[in-house]
Colleague: 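Here it is: the structure, laid out below.
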Protein chains: 2
Amino acid sequence: MNPVTLKQIAETLDISIATVSKALKDYPDVSKKTKLLVKETAELLNYKPNAFAVNLRTKESKTIGLIIPEVVHHFFSSVIKGIIARAEKKGYLVIILQSSESYEMEKKQLDLLLSKRVDGILMSLANGTANFKHLDDLISQEVPLVMFDKIAKIVNCSKVIINDRMAAYTATKYLIDSGCKRIAHFRGPLLPQNSIDRFLGYKKALSDNNIPYDPSLVYICECGERSFEEGKENAHKLLEDHNDVDGIFINTDLVAIGAITEFHRIGVKIPEDISIVGFSNWFMSSVISPTLTTIDQPGYEMGKEAFKLLYKEIKRRKENLPIKFKTVELETKLIKRASTRN
Amino acid sequence: MNPVTLKQIAETLDISIATVSKALKDYPDVSKKTKLLVKETAELLNYKPNAFAVNLRTKESKTIGLIIPEVVHHFFSSVIKGIIARAEKKGYLVIILQSSESYEMEKKQLDLLLSKRVDGILMSLANGTANFKHLDDLISQEVPLVMFDKIAKIVNCSKVIINDRMAAYTATKYLIDSGCKRIAHFRGPLLPQNSIDRFLGYKKALSDNNIPYDPSLVYICECGERSFEEGKENAHKLLEDHNDVDGIFINTDLVAIGAITEFHRIGVKIPEDISIVGFSNWFMSSVISPTLTTIDQPGYEMGKEAFKLLYKEIKRRKENLPIKFKTVELETKLIKRASTRN
DNA sequence: CTGAAAGCGCTTACAG
DNA sequence: CTGAAAGCGCTTACAG
């Protein structure tokens, strides 16, 4: 475990370390002959540059950090995949940390990444995060930051999002158009912008179509580990509270699948008795029965886009060019399946 | 973006860098007063040690690398979660790379991690990997390596596995016990040890129960991105080829779900006409209909265990203690659900 | 208890 | 075209 260094190559060839370094990096002021010799020897000795030393000199780690609320999650794992695919192309490595939806964890992970001197940070907020000082600090330290999906509008950085409000509007409108008159909503937690926006989209669709908004039709889910159970529980509660609901727009597919499971158990027919629209288009939504109508959320693209923005920012900072923060909005689409009518 | 260094703290307090460094690390030979002063100043200035410099000196990166075939995958994302949970406790960061089941990629990612000087590597083999020189090289360079799930028996390192053969035996036996006489098998690719072992378990269960093995009942799947489609296709082919099959043991849940979907479409009743057992216990197996009988594969625990072994090896190497490679076998269990009889 | 010095492995401006 | 030298930010054996 004593890796080869430039010094060893230099000694083998009886030339200076500086020349070896330059030869390896194809500096123009090194003779072809020397370059060849050096490269051969490096190959032979299986030389790999010591990243620490390089980083220390160049102040670049070629590593970025990624903080997400939850790893075991179809959407976020798609995002991860998009990020590392893109990062790889540009020679960047990705350190992945999980906040588990906790504000404290999120801060801790951020600190870790900072002391690792990552070149930039990509993150999606924890549900528990209501205070953004840790992010503002990051920005004032000029650490490139791009937020995606679960963002804070207030924080001054680049972002990749979908239009949650519009998507929710579309979903609810679709229920209305297919004949639903009394539409419930299983919403996400109170804090995150997404669940607020989805709720607002739901509400707007109702009012635009002259359906009175009834707060007793709105149920809250944590949308965490218990999503599936929450779906079942809320479905059950809904039936106890109301006997006239004929449609539900649900914040997340997994909760929707819980609801479907419970309705199935009780004998409520979907979509005949109650139509359901989910959100996210998890893979399993296409295989359950009935298949779930939902909003497709492009996780892989979001990951790619987020890395792209981050990369640009890193590059511009290095060149001391001015930075303009950008918000990229990705398209969603309604995927019509069997849990809704027509 | 000009982070605070020891030097700046030293200058502010007009003491030496060495003392600052020692004070921060609570060396016993620094006065209480100085320690206090230094720590206060460090806090005030928001000092974070420069990881590159520390690593360069200590030759430790406190970072490990993880290479898996696929990120968007219930089992592997559970493994990731287990690994980063454990790593965090020990102050390690995790760099995640994806081989996409390709041998070339796997080698490339390994090289990347090596030049990053990670303290150790955790990996699960790509399906495309048939040659293990890259791993042997790693080991001869004394880089701590732990393989999990998709391992190479030949490679001399610690491993975390399940008993695929026994689990497959249990699964097949369960089909036999529930009355199936003619049992097909959708197996994985030819190379990986897992799919070989699962196939052998299937075969053994048949022969132990006096059911003749019929190679025409064995269908191969790539088990990659197209798993679901492969399930559908193989189910379809199976019905064309044979009209007497009453049970299938399938290499992976996702393929099984594809098969169920196709049978459902065609009108074959599960489990009445054909019983199905999957493998892995993906979350969605519990929500499709009928729910899928399967073998539970403990991904999270596997991740935790793999990190534990790696950590021990890293530690022992640092202390120059002898290393004994260990193979940990984790328990699986049969999850009985509605896709099989009784 | 404090500090000067060497060194980790590299890069790069500069001299020759 | 080649190499000596300085320096990135830290740690630690050693001297005082």
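Proteins come first, then strands; the chains are lettered A, B, ... in the order of their sequence lines, and each starts at number 1. Keep in mind the model is a prediction, meaning the values are calculated, not measured.
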Colleague: How would you label the contact of A:Phe52 with the nucleic acid (heavy atoms, under 4.0 Å): base, sugar-phosphate, or nothing?
Modeller: nothing
Colleague: Is it true that, when you exclude B:Lys312 itself, more than 12 heavy atoms of the residues, nucleotides or ligands shown sit nearer than 6.0 Å to its NZ?
Modeller: no
Colleague: Whether A:Asp111 and A:Lys107 form a salt bridge (side-chain N of Lys/Arg under 4.0 Å from carboxylate O of Asp/Glu) is what I want to check.
Modeller: no
Colleague: Which of these nucleotides, D:dT11, C:dT2, C:dT11, is closest to any side-chain atom of B:Ser31?
Modeller: C:dT2
Colleague: Side chain of B:Arg57 only, heavy atoms from C-beta on: which candidate in D:dT2, D:dT11, C:dC1 is closest?
Modeller: D:dT11
Colleague: Report the distance from atom CD1 of B:Ile9 to atom P of C:dG3, rounded to the nearest whole Å.
Modeller: 14 Å
Colleague: Rounded to whole Å, how long is the line connecting atom NZ of B:Lys32 with atom C1' of C:dT2?
Modeller: 17 Å
Colleague: Check each residue of residues 10-24 of chain A for a non-hydrogen atom within less than 4.0 Å of any atom in DNA chain D, then write out the ones that pass by number, or none.
Modeller: A:Ile15, A:Ser16, A:Ala18, A:Thr19, A:Lys22
Colleague: Given atom CG of A:Leu56 and atom C1' of D:dC8, what is their separation to the nearest angstrom?
Modeller: 4 Å
Colleague: Working to the nearest 0.5 Å, report the span between NZ of A:Lys35 and NZ of A:Lys32.
Modeller: 7.0 Å
Colleague: CD1 of A:Ile95 to CD1 of B:Ile64: how many Å apart, nearest 0.5 Å?
Modeller: 11.0 Å
Colleague: In this structure, how many angstroms lie between the C1' atom of D:dG9 and the CD atom of B:Gln8, rounded?
Modeller: 11 Å
Colleague: Nearest 0.5 Å, please: how far is CG in B:Leu122 from CE in B:Met302?
Modeller: 11.5 Å
Colleague: For D:dC8, take OP1 and OP2 only and decide whether either is under 4.0 Å from a side-chain N or O of A:Thr58.
Modeller: no
Colleague: Could you state the atom-to-atom distance from CG of A:Asn55 to P of C:dG9 in whole Å?
Modeller: 15 Å
Colleague: Could you give the distance from CD (A:Glu313) to CG (A:Leu145), rounded to the nearest 0.5 Å?
Modeller: 7.5 Å
Colleague: Looking at B:Tyr47, does any N or O in its side chain come under 4.0 Å of the phosphate oxygens OP1/OP2 on D:dC10?
Modeller: yes
Colleague: Rounded off to whole Å, could you give me the NZ-to-P distance for the A:Lys7 and C:dA6 pair?
Modeller: 14 Å
Colleague: State the pairing partner of D:dA13; accept Watson-Crick or G-U wobble contacts with both distances under 3.5 Å, and report none otherwise.
Modeller: none
Colleague: Closest-nucleotide mapping onto DNA chain C: is B:Pro28 or B:Arg117 further toward the 5' terminus? I mean the 5' end.
Modeller: B:Pro28
Colleague: Report the nucleotide, chosen from D:dC8, C:dC8, C:dT11, that has the shortest atom-to-atom distance to any side-chain atom of A:Leu6.
Modeller: C:dT11
Colleague: Rounding to an integer number of Å, can you tell me how far A:Lys59 NZ sits from C:dT12 P?
Modeller: 13 Å
Colleague: Which whole-number value in Å describes the distance from A:Asp26 CG to C:dT11 C1'?
Modeller: 16 Å
Colleague: Is the CD atom of B:Glu319 crowded by more than 12 outside heavy atoms at less than 6.0 Å?
Modeller: yes
Colleague: Under 4.0 angstrom, heavy atoms only, what part of the nucleic acid is B:Asp29 near: base, sugar-phosphate, or nothing?
Modeller: base
Colleague: Would you please confirm or rule out a distance under 4.0 Å between OP1 or OP2 of D:dC8 and any side-chain N or O of B:Thr5?
Modeller: no
Colleague: Given that both distances must come in under 3.5 Å, which nucleotide forms a Watson-Crick or G-U wobble pair with C:dA4?
Modeller: none
Colleague: How long is the span from the OG atom in B:Ser140 to the CG atom in A:Asn46, to the nearest 0.5 Å?
Modeller: 9.0 Å
